[in-house]
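Worksheet: the structure to be examined is printed underneath.
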Protein chains: 2
Amino acid sequence: MDVASSEVFEAVVPLACRSCQARHGVVCGALSNDQLKELNRHSLRRKVDAGCEIIAQGSESSFYSNIMRGVVKLCKVMPDGRQQIVGLQFAPDFVGRPFVRESALSAEAATDAEICVFPRNLLDRMISETPELQRSLHDQALRELDAAREWMLTLGRRTAEEKVASLLHLIATHAEPQTATCTAFDLPLSRAEIADFLGLTIETVSRQMTKFRKQGVILIENSRHIIVPDMDELERITA
Amino acid sequence: MDVASSEVFEAVVPLACRSCQARHGVVCGALSNDQLKELNRHSLRRKVDAGCEIIAQGSESSFYSNIMRGVVKLCKVMPDGRQQIVGLQFAPDFVGRPFVRESALSAEAATDAEICVFPRNLLDRMISETPELQRSLHDQALRELDAAREWMLTLGRRTAEEKVASLLHLIATHAEPQTATCTAFDLPLSRAEIADFLGLTIETVSRQMTKFRKQGVILIENSRHIIVPDMDELERITA
DNA sequence: ATGACGATTTGATTCAGATCAAAGTTCACC
DNA sequence: GGTGAACTTTGATCTGAATCAAATCGTCAT
């Protein structure tokens, strides 16, 4: 299933983000009211299911998106099928590669999600006309670059144990903590996706998770719901 | 040795890049003549030796640079000493992280190099005043992001053989080809640095290189000078 | 030239994580 | 509520790259 066939969530007032400038800043926080109105007229807010491919690797796409809820994975696949997740995006991130039509990677909803879909031509125009928007997108690109480089260190130099701990830590930082040290969350990724993010196999991921469970570093419910009693413990393993 | 103690190459007219707008675009190509003159007044062109640390990981730096000649490696090191090169930069790349004072990585000259050194405050002001410069830097950030993600695939999913071929291919694309298929170049990195870029050990890198040599994929002179008779062959190994 | 030190190559062995194989679980769908 | 398919866990074995250990090569100062 792709975006075109996904459910339109609010059709009448497409609502790029009129009501959410403060909370969902990347695109909308940088626009004037007039610009927002124009953007609204040409944009849609959609609900997409987990697994929905928002942008396909190697394809040209005519729209950008802004994540309003849920998690999106950025993925590269090799001709022989090996694949690597190269980034996770959360609300309120912008999805799409400004200035380049063809995508070098796919963007897929990892969980059920809601996105605002903007026409590329219109947003490109607004980017060139609006230094503040350019700046917002530049900032996000720099944050993604920092994240990508941090992950390169994980991929190149950390052990399987450290990799899995790093992933749990990364996801945990996007959940709100229960207490000072304890955090609970649902993993947005399957074991296979975690493996593709960490450059490991499913089996190795599973073994490390059960090892952490037996050590009491985490509690696992239904394989997806994770409780971390002590984040410091997890961070320590991360190295 | 750090930048402050490096040789000032042209002291009298610091010459951010007046003479090189066309060729060395990232910063200078986006500025007006008046801006260039002001930037020149406060900038220096420096010659730095291989190994010179331009920015230290974890430190605050008060300047940006633009690479005019040579290769710069971006490196992250872990508390226990493991390290990962997370990017290579070539002329005319911009070095430094706009908007954030503290650097999450070190930038070190991999070869002898020349850089233009700009004061951070001045350039920050010019960035906010000059949408075209913002755009240039945004473009570079996006190019670096693409490169980082491509490399994540290499680190996470390619074999040692494919990794070494990928590195040779990457370096080769920055050298001008001898003929349609043949390219020759000097490696800007030692075996240890290549290992740190590929997430391998020195020994594995060396073994893969000699394997390629014995297979006739490359010729090696002095361990640093490489001749690739057939780039297609190399690309095929890359997978 | 000679010696010395660092960088690179080569060889022998080990080990972390992959692969192969088989149960368990979970959960969507009748 | 039962069934089947996909996902996850666990176990046994294998292997690619790491580690440990020596040579060999370069190169620079004497």
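Everything numeric here is computed off the predicted structure, so don't read it as measured data. Every chain is numbered from 1, with letters handed out A, B, ... down the list of sequences.
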| Residue-level proximity of residues 69-89 of chain A to DNA chain D when a heavy atom falls under 4.0 Å | none
| query | Can you tell me how far CE of A:M78 sits from OG1 of B:T154, rounded to the nearest 0.5 angstrom? | reply | 7.5 Å
| task | Quickly work out the B:E221 CD to C:dT8 P distance and round it to whole Å. | result | 16 Å
| In whole angstroms, how far is the P atom of C:dA7 from the CZ atom of B:R191? | 12 Å
| said: Can a donor-acceptor pair be found, under 3.5 Å and without considering hydrogens, that links the side chain of B:S62 to the backbone of B:R120? | reply: no
| said: Any salt bridge linking A:E161 with A:K211? Criterion: basic side-chain nitrogen under 4.0 Å from a carboxylate oxygen. | reply: yes
| query | Would you call A:E53 and A:K73 a salt bridge, using N to O less than 4.0 angstrom? | reply | no
| request: Give the B/S/- string for nucleotides 22-30 of chain C, one per nucleotide from 5' to 3', where a protein heavy atom under 4.0 Å of the base yields B, of only the sugar-phosphate yields S, and otherwise -. | output: ---------
| task | Mind calculating the distance between CG (B:L155) and P (C:dG17) to the nearest angstrom? | result | 15 Å
| remark: Sequence neighbours excluded, the answer for salt bridge (Lys or Arg N to Asp or Glu O under 4.0 Å) partners of B:E60 is B:R101
| query | Once you round to the nearest 0.5 Å, how far does CG of B:L189 lie from CD1 of B:I85? | reply | 5.5 Å
| message | Tell me which residues in residues 196-210 of chain B lie within less than 4.0 Å of DNA chain D, going by non-hydrogen atoms. | response | B:G199, B:L200, B:T201, B:E203, B:T204, B:R207
| task | Give the C-alpha distance, both sets of side-chain angles, the deciding distance and a yes or no for side-chain contact (heavy atoms from CB on, under 4.5 Å) between A:T181 and A:V228. | result | CA-CA 8 Å; A:T181 63; A:V228 184; over 6 Å; no
| field | Those residues that, when tested against B:E150, pass side-chain hydrogen bond (donor to acceptor under 3.5 Å, both in side chains) (two or more places apart) | value | A:K76, B:R158
| request: Look up atom OG1 in A:T238 and atom CG in A:D232, then write down how far apart they are to the nearest 0.5 Å. | output: 11.0 Å
| message | Students should find this one: the first and last nucleotides of DNA chain D, 5' to 3', lying under 4.0 Å from a heavy atom of chain A. What are they? | response | D:dT8 to D:dA12
| query | When the aromatic ring centroids of A:Y64 and A:F94 are compared, is their separation below 6.0 Å? | reply | yes
| request: For the residue pair B:E144 and B:Q89, confirm or rule out a side-chain donor-acceptor distance under 3.5 Å. | output: yes
| Exam field: side chain A:Q208 to backbone A:V205, donor-acceptor pair closer than 3.5 Å | no
| task | Give the rounded distance in Å between these two atoms: NZ of B:K214 and C1' of C:dT9. | result | 10 Å
| Plane angle bin for A:W151 and A:F197 - parallel if under 30°, tilted between 30 and 60°, otherwise perpendicular | parallel
| request: Please state how far atom NZ in A:K211 lies from atom C1' in C:dA16, giving the value in whole angstrom units. | output: 11 Å
